[in-house]
Structure formats: structure tokens, C-alpha cells
Amino acid sequence: MDRIWTASDRNNRVLNNLQRLLFSTGRLAGTGYLSILPVDQGIEHSGGASFAKNPDYFDGENIVRLAVEGGCNAVASTYGVLGSVARKYAHKIPFIVKINHNELMTYPNKFDQILFGTIKQAADMGAAAAGATIYFGSAESGRQIVEISQAFAMAHEMGLATVLWCYLRNSQFKKDKDYHVSADLTGQANHLGVTIQADIIKQKLPENNGGFEALNMGGSSYGKFDKRIYTELCSDHPIDLCRYQVANCYMGRAGLINSGGASGKNDFAEAVATAVINKRAGGMGLISGRKAFQRPMKEGIQLLNSIQDVYLSKEVTVA
């Protein structure tokens with residue numbers, strides 16, 4: 001807090017929500033690291049598809065319970081989920097209200113983040129922070145940048161911290177590789193996110209690099225890049241790829257939390273590996289949802305605790 005945020009233009013209420021709530025709750029309290037449970041998949045991926053593996057989570061209270069019993073710093077979810085249990089839990093765990101979503105009811109499906117409520121609603125339910133997604137690279141990104149910039153300004157004015165999902169969305173980003181997860185393109189998305197004053201950036205863990213270079217082949221022209229991005233600023237090592245994301249967060253002046261990814265056969269190993277990479281790269285923590293809630297609550301708690309153990313371990317250091 002002293003090194004990064006107190007020198008900024010954030011007001012005392014924002015600093016209070018960051019320090020006394022987000023960074024002072026759960027098993028990682030006082031460490032400077034975050035373990036957040038995000039469950040907005042009921043809208044983003046549809047309730048049936050998301051909760052069929054574990055129907056208990058159709059009841060939003062179980063989402064919040066998992067975050068509390070799993071020792072998380074905060075729970076991130078929808079207006080509906082958090083509002084339905086706010087009087088019972090808003091004082092027990094910090095709420096991050098996700099203010100926009102992609103809905104999957106329009107036929108044919110479209111991919112656009114639209115506002116589902118207001119910052120005042122989030123503040124009224126006792127939230128500590130507002131979260132939002134921008135699909136950088138999409139045809140709708142210009143409107144989303146304006147909407148979320150204005151919403152985040154209002155959030156800061158009302159004392160809420162801000163968390164931005166800096167995701168990429170463009171069919172042309174899939175070439176010989178899926179450059180939606182390239183270090184250079186996700187890094188630039190992070191840079192834009194910090195520019196609109198997100199306090200914390202959520203980003204997918206990078207899996208490759210060279211997105212700008214690939215999109216400038218075959219006579220096409222896209223963006224601006226310097227080859228030193230690939231030769232001097234980054235290597236192909238997973239920690240270096242993630243570190244380039246951190247560098248684009250104004251060298252860590254906004255914290256980078258990486259997402260845990262989809263649920264699969266090796267959830268525990270993958271979650272721990274992602275946490276190790278994030279921590280060693282200078283990141284601020286992990287925000288893992290599906291790996292935790294798409295299994296029995298006891299196992300979900302164990303998975304969240306395994307992630308937190310990485311950040312509590314003195315043996316895992318910044319590389």
C-alpha cells in the first residue's frame with residue numbers, strides 16, 4: 001500500500017477498501033497477495049453449463065461460503081448473487097461486484113460485454129470493489145473502454161477499488177497459434193487497463209508470444225511493436241512471459257492476478273503451477289473459479305488452500 005497506492009490519486013476510502021478489506025482478509029491477510037474466488041459463469045457461460053457438475057452452486061450463497069471457508073481475500077460475482085446474501089456476508093468477506101457481462105441468449109450468440117447495473121448498486125450492498133471486463137481487440141472495445149473508464153471513475157469517487165478483466169477477443173488473433181494468450185498482446189491489454197485506472201488487472205496466464213509479429217505478416221499491418229519485445233524484454237520461459245505482463249501493469253503499480261483457467265483432470269497441479277509462475281514473475285495473486293466450484297465444496301476449499309500455500313511459502317520467491 002505504501003509503495004504503490006498511497007502515492008496515487010486514490011482517495012482515502014479506496015485505500016481503506018484495499019488495505020483494511022481486500023489485503024487484510026483470509027489466509028493471505030497481510031502478505032500483499034490475493035486469492036480471489038470469481039464466479040460469474042452463470043451469466044458468462046450459462047448457469048446450466050457452469051453448475052451441472054455441482055448443482056449446489058445454483059444457490060449463490062454457496063459461492064460466498066466457498067470463498068469464506070476457502071480462506072479467500074474476496075469473492076467476485078454478479079449483482080444478483082452478491083445482492084441476494086449481502087446482509088449476511090458483506091461484513092464477513094469483501095465483495096467484488098462484476099458490473100458487466102457477456103450474455104449468451106441472443107441468437108446467434110454474440111460476444112459483447114454489457115452493463116448489468118450501476119456503481120451505486122454495488123456501493124449500496126457494501127461492496128469493496130467493482131469488477132469489469134473489456135474485450136480488447138473486439139469491434140465493441142471502444143464503447144467498452146469508455147463505459148468502464150466512466151464506471152471506474154465513479155467507483156473511485158464512491159470509495160470502491162477497481163478490478164479489470166483485460167481479455168482479448170478477435171477471431172483474427174487465432175493464426176498458427178492462439179494469440180489471445182500471447183504475452184505481447186495481453187501485455188498491451190494490461191497497459192490499457194492500467195491507463196483507465198484499474199487498481200488490479202486480471203489476465204489469463206500467457207502461453208506464447210509474438211502476437212503483434214504474427215498479425216503483421218503477409219502484407220497486413222496491425223498496431224506497433226519492436227522486436228526487442230521478443231529478444232531483450234522477454235524469453236519463452238513461462239515466468240518471463242508473465243513478467244512481461246507485470247511490466248505492462250506500470251511495472252506492478254497495478255497488481256497482476258492471473259486466472260486459474262477451466263476445470264480439467266489436473267486441476268490441483270495446474271493451479272499450483274500457475275500460482276508459482278505468477279508469484280515468481282512479480283504478480284499479486286490468483287483468481288481461480290471453475291477449478292474450485294466445479295467440484296465438491298471440501299475439494300474446492302483444498303484447491304484454494306493449495307493456491308494460497310504457494311503465496312505463503314517462503315521458498316517460492318520472485319525470480
Side-chain angles (χ1 to χ4, degrees), residues 21-42 44-45 47 49-78 80-82 84-98 126-129 131 163 200 202 205 255 257-279 283-316:
L21 295 179
L22 289 177
F23 285 99
S24 299
T25 301
R27 294 183 70 225
L28 297 184
T31 65
Y33 291 108
L34 296 173
S35 168
I36 299 173
L37 176 72
V39 186
D40 60 356
Q41 284 86 352
E44 296 281 349
H45 300 162
S50 299
F51 304 135
K53 289 183 180 180
N54 196 345
D56 287 348
Y57 288 96
F58 275 110
D59 181 352
E61 181 174 2
N62 287 322
I63 293 171
V64 182
R65 280 187 55 221
L66 175 60
V68 172
E69 296 180 24
C72 292
N73 298 73
V75 57
S77 195
T78 65
V81 166
L82 298 178
S84 69
V85 295
R87 291 186 183 274
K88 186 174 181 179
Y89 288 101
H91 59 293
K92 295 180 180 178
I93 186 169
F95 283 4
I96 302 173
V97 180
K98 187 71 164 31
V163 184
I200 298 167
K202 178 191 177 187
L205 195 71
I257 54 175
N258 287 116
S259 56
S263 181
K265 294 181 179 180
N266 302 307
D267 283 348
F268 279 80
E270 290 175 1
V272 168
T274 301
V276 170
I277 292 168
N278 172 272
K279 185 179 183 183
M284 191 173 275
L286 216 61
I287 180 164
S288 185
R290 281 172 286 175
K291 281 179 165 55
F293 74 77
Q294 289 186 334
R295 59 181 63 248
M297 184 170 290
K298 183 178 179 181
E299 291 183 16
I301 292 170
Q302 291 174 343
L303 186 138
L304 292 170
N305 289 167
S306 296
I307 290 169
Q308 294 152 9
D309 287 344
V310 171
Y311 293 97
L312 291 170
S313 172
K314 294 182 180 179
E315 286 75 26
V316 181

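These values consider heavy atoms only, across backbone and side chains, with no hydrogens, waters or symmetry-generated copies. Computed from a prediction, not measured in an experiment: that's the story for all the values here.
By the side-chain hydrogen bond (donor to acceptor under 3.5 Å, both in side chains) test, S313 pairs with E315, sequence neighbours left out. Residues passing the side chain to side chain contact (heavy atoms under 4.5 Å, CB included) test with V81, sequence neighbours excluded: I63, S77, T78. Residues meeting the ring pair (Phe, Tyr, Trp, His ring centres under 6.0 Å) test with F58, sequence neighbours left out: F51. Legend: residues meeting side-chain hydrogen bond (donor to acceptor under 3.5 Å, both in side chains) with N305, ordered by chain and number and at least two apart, are Q308. The side chain to side chain contact (heavy atoms under 4.5 Å, CB included) check on A128 picks up N17, L21, P94, with sequence neighbours excluded. A search for side-chain hydrogen bond (donor to acceptor under 3.5 Å, both in side chains) contacts involving N258 returns Q245, N278, not counting sequence neighbours. With sequence neighbours left out, V276 forms a side chain to side chain contact (heavy atoms under 4.5 Å, CB included) with V272, R280, V310, V316. The side chain to side chain contact (heavy atoms under 4.5 Å, CB included) check on A86 picks up F95, M125, with sequence neighbours excluded. Every residue was checked against the salt bridge (charged side-chain N to carboxylate O under 4.0 Å, His left out) condition with K265, not counting sequence neighbours, and none meets it.
Contact record, A292 with L37: CB-CD1, 4.1 Å, taken as the closest heavy-atom pair. Listed here is the closest heavy atom pair of P38 and I287: CG-CG1, 3.2 Å. Residues R87 and H91 come closest through the heavy atom pair O-CE1, 3.6 Å. Scanning both residues, T274 and S259, for their nearest heavy atoms gives CG2-O, 3.9 Å. Residues V75 and A67 come closest through the heavy atom pair CB-CB, 3.7 Å.
Sorted by first and then second residue, the salt bridge (Lys or Arg N to Asp or Glu O under 4.0 Å) pairs involving residues 22-41 (not counting sequence neighbours) are R27-D309, D40-K98. Within the structure, the side chain to side chain donor-acceptor pair (under 3.5 Å) test picks out the following pairs touching residues 63-74 (sequence neighbours left out): N62-R65, R65-E69.
Here the side chains of K279 and M284 are not in contact, with every heavy-atom distance at 4.5 Å or above. The side-chain heavy atoms of Y33 and L312, taken from C-beta on, include no pair separated by under 4.5 Å. Annotation: side chain of I96 is in contact with side chain of I36 (closest heavy-atom distance under 4.5 Å). Residues V39 and Q41 are in side-chain contact: their nearest non-hydrogen atoms beyond the backbone lie under 4.5 Å apart. Residues S288 and I307 are in side-chain contact: their nearest non-hydrogen atoms beyond the backbone lie under 4.5 Å apart.
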I would like to know whether E61 and K88 meet side chain to side chain contact (heavy atoms under 4.5 Å, CB included); could you show each step before the answer? CA-CA 9 Å; E61 181 174 2; K88 186 174 181 179; 2.7 Å; yes

Which atom pairs, one a donor and one an acceptor, fall under 3.5 Å between side chains of residues 293-304 and the rest of the protein, sequence neighbours left out?
unit_1	atom_1	unit_2	atom_2	d
Q294	NE2	S50	O	3.0
R295	NE	K291	O	2.6
R295	NH1	E299	OE1	3.1
R295	NH2	D267	OD2	2.5

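Residue L286 holds its CG atom at 10.5 Å from CG of L34, rounded to the nearest 0.5 Å.
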